[in-house]
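Each chain gets a letter, A, B and so on, in the order its sequence line appears, and its residues count up from 1.
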2 protein chains.
Amino acid sequence: MEVRTTEVPDVDRFCRFSRAVLEHVTSRWGVLVLIALLERSYRFSELRRRVGDVSEKMLAQTLQTLERDGFVHRDAKPVIPPRVDYSLTPLGREAAERIWELTRWVEARLDQVATAQESYDGRP
Amino acid sequence: MEVRTTEVPDVDRFCRFSRAVLEHVTSRWGVLVLIALLERSYRFSELRRRVGDVSEKMLAQTLQTLERDGFVHRDAKPVIPPRVDYSLTPLGREAAERIWELTRWVEARLDQVATAQESYDGRP
DNA sequence: CGGGATCCAAAACGATACTG
DNA sequence: CAGTATCGTTTTGGATCCCG
């Protein structure tokens, strides 16, 4: 009789993977990067200023993750000083548009949420 | 001349707030809870089994956050043993449907992402 | 300029024990 | 049953220094 070689079924792997991808695009900086790149391509430092106060580490990490997933295209020009442009891939553009719509939806309902919170908090 | 009383402009507060709400609905357990409640209402332990291996602490925390935001309705029946039913509010249903669509979109593109990752990783 | 490497503080998370 | 409280571990994130 064969021993089970996979403790965790493939279904789980699948879920974990999709969850991971979802987290990449909805992460704190992921959202802001995708939305920024929706308007145009950006250089590293440019993007950093555009996004707000993100540390170099987090921005680099976010960009690498998104590039690895195939959402962001990295164009490093072999010049001195270095110049690296980031832009969305077609897949990334789709993702960014969806994230953008989601944030729009949330922002349009902030009043409702704020009201709900006040009601919740003001309850003994 | 007046002194600025707000170091951080309201715009920032607004962004932080919407970011927070977005994180609540896209969080690890938030997503799963919303999607589960999309099919029907659940009791606490029921929901826990349905979602998978979420700790009591995290499930309680997630539900409280979503309830506070006005996405989830909590119905505690005064019986012994306690019985608490969780369901979506109309606002929560809207949110859940959007999250569900987003996860569907991601899952439909997992192959593309996996291919991109292999290409990225296999590069010297 | 665009990062990589390292270190450290803070926050998230899970397991467990306990309560009404 | 439906949580709360506490604790220890793991993760995360930022600051800093460094290099091509």
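With contacts defined as side-chain heavy-atom distances shorter than 4.5 Å, the pair Lys77(B)/Val84(B) does not qualify. Counting heavy atoms from C-beta on, the side chains of Arg98(B) and Leu102(A) come closer than 4.5 Å. The shortest distance between side-chain heavy atoms of Gln64(B) and Tyr120(A) falls below 4.5 Å.
Checked against side chain to side chain donor-acceptor pair (under 3.5 Å), Trp105(B) has the following partners two or more places apart in sequence or in another chain: Glu94(A). In terms of the salt bridge (charged side-chain N to carboxylate O under 4.0 Å, His left out) criterion, residue partners of Arg83(B) (sequence neighbours excluded) are, by chain and number, Asp85(B).
Five base pairs at each end of the helix from dC1(C)-dG20(D) to dG20(C)-dC1(D) define two local axes, and these are offset by 40° (rounded to 10°).
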Given protein heavy atoms under 4.0 Å, the one-letter contact record of nucleotides 6-20 of chain C, with B base, S sugar-phosphate only and - none, is simply BB-----BBB-B--B

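Taking a 6.0 Å sphere around CZ of Arg104(B), one finds it holds 12 or fewer heavy atoms contributed by other residues, nucleotides or ligands.
Proximity of Tyr86(B) to the phosphate of dG3(D): a side-chain N or O atom is located under 4.0 Å from OP1 or OP2.
Here the closest non-hydrogen pair linking Thr89(A) and Val72(A) is CG2-C, 3.8 Å. The heavy-atom pair separating Arg19(B) from Thr26(A) by the smallest distance is NH2-O, 3.0 Å. Considering every non-hydrogen atom in both Cys15(A) and Ser18(A), the closest pair reads O-OG, 3.0 Å. The nearest pair of heavy atoms linking Ala36(A) to Tyr42(A) is O-CE1, 3.3 Å.
Ionic pairing of Arg48(B) and Glu56(B) is present here: one or more N-O contacts between side-chain nitrogen and carboxylate oxygen are shorter than 4.0 angstrom.
Against DNA chain D, the stretch residues 36-47 of chain A makes no heavy-atom approach under 4.0 Å. Within residues 62-74 of chain A, the residues having any heavy atom closer than 4.0 Å to DNA chain C are, in order of number, Gln64(A), Arg74(A).
Per the geometry, CZ belonging to Arg83(A) stands 16 Å off C1' belonging to dG3(C), to the nearest Å.
Each of Leu59(B), Leu63(B), Val51(B) was checked for a side chain to side chain contact (heavy atoms under 4.5 Å, CB included) with Trp29(B), and the lone residue meeting it is Val51(B).
Not a single donor-acceptor pair under 3.5 Å links the side chain of Ser119(B) to the backbone N or O of Thr115(B).
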